[in-house]
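Each residue takes its place number in the sequence, starting with 1. Hydrogens, waters and symmetry mates are skipped; everything else that's a heavy atom, side chains included, is used.
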Amino acid sequence: WEGDRDISDGQVVTHVLKGNQNRDGIDNERQQLLTFSIVANVTQEDFVNGSLVLNTSKAIEDLVMNLHVQNVSDEYFFEFLLKPWTSGVALLEITAIDDGGTVNGGKNVSLTHTLTFSVLRYYIQLMMHSQADVNALAQGQLCQKLKEFFQAATEQVAYVSEVLQVIPSDVSGNDTWVFEIRNPLFANIRMVYDLLSNAQDHIEVNGVNFSNLSVSLHVRSNYTSNVMFTVRNQSVDLKQGAFFEETHFINIEFPPRDAGANSAGQQIVEFSATPLTYRPYTGADLQTADGLDPGILVASFKPVCDPMCRSADLEIRVSEFRNGFVEYNVSLGDWWQLLNLNVIPKNLRPFFEFNESYFFYEDRMEVNGFLLNVSAGHQQYDERFQNLTFSLVVTSGQDKLLDSPALIFVPDGDQLGKGYSLLNITLLHNENGLITVVVNVTDDGSNIEGEENLSYNASFSFTVVPVNDPPTFEVPNSTASA
């Protein structure tokens with residue numbers, strides 16, 4: 001055998017059996033056919049209830065979709081087609097049986113050969129600075145020393161053969177060393193990661209101190225295809241002020257070939273959503289967003305938390321006071337999809353404010369600016385043309401102070417959201433005192449399915465101030481004589 005193999009998922013891997021069926025009888029047994037027996041002991045990690053669980057009862061079918069053996073030029077090629085989205089370690093015991101039989105003491109069963117078959121996924125990127133001249137220490141020696149150091153420090157019995165690898169990625173001129181520390185089982189990688197994270201920025205290996213440690217977790221997938229994903233719908237209608245959630249909205253057909261991983265072993269995939277065009281409100285002209293958020297909604301793409309990251313959920317929070325349209329470019333790596341989000345208007349509650357400084361004089365008939373900032377709704381740009389109806393009800397006090405009160409809304413030019421009301425009242429002649437009223441306003445928009453066309457009730461008390469009346473008198477109808 002060529003030796004142990006370490007590969008990444010998604011590949012077709014060829015393993016070669018050197019020589020022919022029988023080294024001592026190649027000429028007379030060349031035409032014999034071989035049958036191979038493979039016994040596998042597979043260890044993988046399953047994602048159960050948010051955690052990775054070690055599973056040693058797996059079969060080779062859990063790691064390999066297809067195994068093909070082909071005889072080419074006196075060599076047997078073993079082709080392993082790996083299952084996507086998977087990793088693990090398989091200890092293979094392989095035996096060959098020829099069709100020559102066992103007559104006259106012949107033997108048709110080979111010795112059993114073993115193969116450690118590691119499908120890699122997780123690795124640590126370690127960057128550190130040497131405190132002394134280590135040029136005399138070859139890279140291969142340093143990698144071996146690091147491997148021995150990690151095994152001893154973490155007491156990991158799961159490290160067999162070349163399952164744990166320490167590979168030099170780069171050595172710069174300032175004695176900065178970069179390594180990849182690989183293992184198909186995240187549990188083992190996590191132990192090394194925790195060791196390095198708690199090393200207080202330095203480690204000592206074979207008498208050499210290394211400092212300025214930089215450690216990061218990664219997950220790798222060597223698919224032949226580039227990143228590819230699809231969205232369930234390219235256009236979504238949303239209600240103003242709503243929260244929208246759809247699970248598995250994005251299907252990730254091919255993940256990034258290299259991505260970060262969190263402390264739970266979950267692949268970190270970050271989608272980018274860039275606004276392209278938008279309508280500031282329903283019915284407005286389409287405008288260019290130039291990548292700037294128009295403030296109508298917030299869209300979040302949340303990858304499903306498993307080690308393989310097959311899909312992502314979509315969450316959208318729509319502004320309570322905005323509607324309109326946003327066209328997004330959703331991208332991951334070099335792959336992108338367009339997503340159109342249309343926010344349907346919702347009639348909002350009208351509102352107003354009191355001018356609390358007002359008081360009334362006896363016998364006065366009109367009060368301008370009794371209510372201020374009158375609006376048909378917070379989204380003033382598309383509700384400003386609604387008609388408003390005011391209601392004023394006397395709740396306490398001398399109700400006869402007011403005879404047939406009426407509130408009339410007077411728009412204040414074209415300024416959205418501005419306005420005042422004119423209170424037309426008839427005060428009974430020579431009456432004054434304290435009175436409390438309740439005021440509300442209704443617009444002519446919808447009030448179904450969460451929409452509102454009635455404002456909150458507002459209570460307001462005011463005093464009708466007495467005014468000094470001119471004195472009056474009468475002259476008797478009589479004649480005076482001298």
Original post:
Hey, are Asp443 and Asn347 close enough side-chain-wise for a donor-acceptor pair under 3.5 Å?
Top reply: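 Present: a donor and an acceptor within the cut-off.
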
Original post:
Any chance the side chains of Thr112 and Glu93 put a donor and an acceptor closer than 3.5 Å?
Top reply: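 Looking only at side-chain atoms, Glu93 and Thr112 do not form any donor-acceptor pair under 3.5 Å.
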
Do you know the tightest heavy-atom contact between [X] and [Y]?
X: Arg322; Y: Ile296; answer: NH2-CG1, 3.5 Å
X: Leu67; Y: Val64; answer: N-CG1, 4.3 Å
X: Asn233; Y: Glu246; answer: ND2-OE2, 4.0 Å
X: Ile189; Y: Ile181; answer: CD1-O, 3.4 Å
X: Pro256; Y: Val227; answer: CA-CG2, 3.5 Å
X: Ile94; Y: Phe36; answer: CG2-CD2, 4.1 Å

Approximate separation, where rounding is to 0.5 Å, of [X] [atom1] and [Y] [atom2]:
X: Glu245; Y: Ser300; atom1: CD; atom2: OG; answer: 10.5 Å
X: Tyr328; Y: Thr274; atom1: OH; atom2: OG1; answer: 9.5 Å
X: Met128; Y: Ile203; atom1: CE; atom2: CD1; answer: 4.5 Å
X: Ser87; Y: Leu185; atom1: OG; atom2: CG; answer: 7.0 Å
X: Leu34; Y: Asn108; atom1: CG; atom2: CG; answer: 10.0 Å
X: Thr114; Y: Leu91; atom1: OG1; atom2: CG; answer: 8.5 Å

Original post:
Who are the ring-ring contact (aromatic ring centres under 6.0 Å, His included) partners of Tyr278, not counting sequence neighbours?
Top reply: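 By the ring-ring contact (aromatic ring centres under 6.0 Å, His included) rule, Tyr278 matches no residue at all.
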
Side-chain ([X]) to main-chain ([Y]) donor-acceptor, under 3.5 angstrom:
X: Glu315; Y: Ala299; result: no
X: Gln125; Y: His218; result: no
X: Arg232; Y: Thr247; result: yes
X: Arg317; Y: Val298; result: no
X: Trp335; Y: Phe229; result: yes
X: Asn323; Y: Thr282; result: yes
X: Glu45; Y: Phe186; result: yes
X: Gln240; Y: Glu320; result: yes
X: Asp194; Y: Met191; result: no
X: Asn329; Y: Leu338; result: no

**OP:** Go through Val231 and Val330 one step at a time and tell me if the side-chain contact (heavy atoms from CB on, under 4.5 Å) criterion holds.
**Re:** CA-CA 9 Å; Val231 295; Val330 181; 5.5 Å; no

[X] vs [Y] side-chain heavy atoms within contact, under 4.5 Å:
X: Ser211; Y: Asn209; result: no
X: Glu327; Y: Leu286; result: no
X: Val326; Y: Pro294; result: yes
X: Val219; Y: Tyr122; result: yes
X: Leu341; Y: Ile316; result: yes
X: Val318; Y: Phe244; result: no
X: Thr277; Y: Phe325; result: yes
X: Leu297; Y: Val343; result: yes

Subject >> Name of the residue among Leu126, Leu217, Asn198 meeting side chain to side chain contact (heavy atoms under 4.5 Å, CB included) with Tyr193 >> reply: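 Running side chain to side chain contact (heavy atoms under 4.5 Å, CB included) over Leu126, Leu217, Asn198 with Tyr193 returns exactly one hit, Leu217.
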
**OP:** Name the orientation class of the two ring planes belonging to Phe301 and Phe271 (parallel below 30°, tilted from 30 to 60°, perpendicular beyond 60°).
**Re:**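 Aromatic pair Phe301/Phe271 classed tilted.
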
Original post:
Yes or no on side-chain contact (heavy atoms from CB on, under 4.5 Å) for Leu314 and Ile250, after CA distance, side-chain angles and deciding distance?
Top reply: CA-CA 8 Å; Leu314 172 62; Ile250 291 180; over 6 Å; no

**OP:** Decide yes or no on side-chain contact (heavy atoms from CB on, under 4.5 Å) for Val42 and Gln44, but give the supporting numbers first.
**Re:** CA-CA 7 Å; Val42 179; Gln44 285 184 292; 3.9 Å; yes

Subject >> Within 6.0 angstrom of Glu270 CD, more than 12 heavy atoms from elsewhere >> reply: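 12 or below, so no.
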
**OP:** Inspect the surroundings of NZ in Lys302 and state if more than 12 heavy atoms from other residues, nucleotides or ligands are less than 6.0 Å away.
**Re:**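 Atom NZ in Lys302 is not packed in, count stays at 12 or less.
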
Original post:
For Val192 and Ile124, what are the C-alpha separation, side-chain angles and deciding distance, and is it a side-chain contact (heavy atoms from CB on, under 4.5 Å)?
Top reply: CA-CA 8 Å; Val192 177; Ile124 296 172; 3.9 Å; yes

